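Written out below as structure tokens is the structure these notes cover.
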Amino acid sequence: MPELPEVETTRRGIAPHLQGHQVREVIVRQRQLRWPIPRNLNALLRGQTIEQIDRRGKYLLLGMDTGTLILHLGMSGSLRILPATTPVQKHDHLDIVLDNGQCLRLRDPRRFGAVLWTRKDPARHKLLQSLGPEPLSDEFDGDYLWQRSRGRKLAIKSFVMDSKIVTGVGNIYANEALFIAGIHPQRAAGRISRERYQQLAVAIKQVLEAAIREGGTTLRDFTASDGKPGYFRLKLHVYERDQEPCHQCGKALRQIVIAQRSTYYCQHCQR
DNA sequence: ATGCGGACCTGTTAGC
DNA sequence: TGCTAACAGGTCCGCA
């Protein structure tokens with residue numbers, strides 16, 4: 001489900017409900033996610049105040065008194081703010097109950113998500129320490145991509161989806177950005193000019209920012225923390241549009257597979 | 001170092 | 001109608 005815009009939409013939705021509140025209780029119903037939820041999470045979090053709610057790539061970071069809770073939504077995770085008395089549904093794995101009777105509830109059918117605790121600077125956590133720059137930051141630009149791509153032979157689409165290169169660009173937005181930049185998704189990363197990398201960096205920023213403004217992309221089941229869907233799907237140029245007409249030239253879009261991921265592009269507009 | 005494929009897990013849908 | 005296979009928004013890990 002969630003790429004960076006959906007995670008950012010979630011962050012903005014939950015932050016005002018969490019900020020400054022104390023954890024009353026943590027209820028874990030299913031600890032087997034991508035990695036097991038720590039056994040003693042209730043003891044660790046109880047009584048702590050949630051000070052800030054940050055995002056790094058697709059990771060959500062709940063900064064507390066003595067450490068940071070690291071959350072990842074995987075492919076199918078979602079977070080809602082609900083009264084703690086709301087009946088539990090299938091795949092509701094975790095509740096963080098607050099001092100005001102509300103709770104942050106994690107649902108994740110596929111269980112590719114993660115909930116981890118660290119006492120140190122989360123940037124130095126094993127899962128975060130090798131992440132590339134934030135795509136919306138100033139350090140991420142065409143020169144950076146060009147420099148990192150020299151000598152690389154993998155497909156440009158796989159390159160921009162590599163979290164060590166840039167964090168948070170997933171399958172939907174990689175497809176969309178490459179269309180906007182007019183770059184064929186299979187082109188070798190090392191064979192793209194500096195100028196075209198400038199266009200690609202701009203396209204990535206543009207598409208992520210637009211998606212955040214629309215509240216993310218709802219394909220099947222993404223909803224923000226208030227239950228509302230995201231509307232960026234209406235503006236997708238290529239994703240899940242196999243055989244439909246290109247918005248630029250009208251020719252039929254194509255679907256192929258790159259690194260086991262569905263890839264959509266226009267044979268005419270992308271080179 | 002680089003690049004690829006497998007692994008994790010469940011739900012939905014397309015096809016026979 | 002019912003069974004089976006393919007596919008889905010992620011990403012770590014191990015192997016060549």
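Every chain is numbered from 1, with letters handed out A, B, ... down the list of sequences. The structure displayed is predicted, hence computed values, not measured ones.
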Handout entry: Under 3.5 Å side-chain donor-acceptor pair for A:Lys157 and A:Thr263
Key = yes

Problem - ring-ring contact (aromatic ring centres under 6.0 Å, His included) involving A:His247 - partner list, sequence neighbours excluded - result: A:His237

Below 3.5 Å between N/O atoms, which protein atoms pair up with nucleotides 12-16 of chain C? Just atom names and distances, please.
residue: C:dC12; atom: OP1; partner: A:Tyr59; partner atom: OH; Å: 3.2
residue: C:dC12; atom: O4'; partner: A:Arg34; partner atom: NH2; Å: 2.6
residue: C:dC13; atom: OP1; partner: A:Lys126; partner atom: NZ; Å: 3.1

Problem - Check ion pair A:Arg46-A:Glu25 (N to O, under 4.0 angstrom) - result: no

Problem - DNA chain B: 5'-most and 3'-most nucleotides touching chain A, 4.0 angstrom heavy-atom criterion - result: B:dT2 to B:dG11

Practice task
Among Ile, Leu, Val, Met, Phe, Trp and Tyr joined by side-chain contacts under 4.5 Å, find the other residues sharing a cluster with A:Val202 and list them by chain and number.
Solution key: none

Practice task
Whole angstrom is fine here: how far is it from CZ in A:Arg55 over to P in C:dG10?
Solution key: 14 Å

Practice task
Nearest-nucleotide wise, let me know which of A:Arg152 and A:Phe112 is further upstream toward the 5' end of DNA chain B.
Solution key: A:Arg152

Handout entry: Connected hydrophobic set around A:Val97, excluding itself, where side chains approach under 4.5 Å
Key = A:Ile27

Problem - Protein-nucleotide distance (A:Glu6, atom CD; C:dA8, atom C1'), rounded to Å - result: 14 Å

Handout entry: Partners passing salt bridge (charged side-chain N to carboxylate O under 4.0 Å, His left out) against A:Arg34 (at least two apart in sequence or in another chain)
Key = none

Handout entry: Interatomic distance at P, B:dG5 relative to C:dC7, whole Å
Key = 15 Å

Practice task
Of all the heavy-atom pairs spanning A:Gly113 and A:Leu33, show the shortest one and how long it is.
Solution key: O-CB, 3.2 Å

Exercise for the section: List in chain and number order the residues that pass ring-ring contact (aromatic ring centres under 6.0 Å, His included) with A:Tyr264, two or more places apart in sequence or in another chain; answer none if no residue qualifies. Expected result: A:Tyr239

Completion exercise
Members sharing A:Leu116's hydrophobic cluster, built from side-chain contacts under 4.5 Å between Ile, Leu, Val, Met, Phe, Trp and Tyr, are A:Trp35, A:Tyr59, A:Leu61, A:Ile70, A:Leu127, A:Leu128, A:Leu131

Practice task
Let me have DNA chain B in dot-bracket notation, would you? Count Watson-Crick plus G-U wobble pairs, both distances under 3.5 Å, and use [ ] for pairs crossing earlier ones and | for inter-strand partners.
Solution key: .|||||||.|||||||

Handout entry: Residues within residues 253-261 of chain A bordering DNA chain C, heavy-atom distance below 4.0 Å
Key = A:Arg261

Completion exercise
side chain to side chain donor-acceptor pair (under 3.5 Å) filter on A:Glu8, not counting sequence neighbours, yields A:Arg11, A:Arg12, A:Arg55

Practice task
Pick the P atom in C:dA6 and in B:dG6, then give their distance to the nearest Å.
Solution key: 13 Å

Exercise for the section: Check DNA chain B against residues 176-194 of chain A and give the residues with a non-hydrogen atom under 4.0 Å, in numerical order. Expected result: none

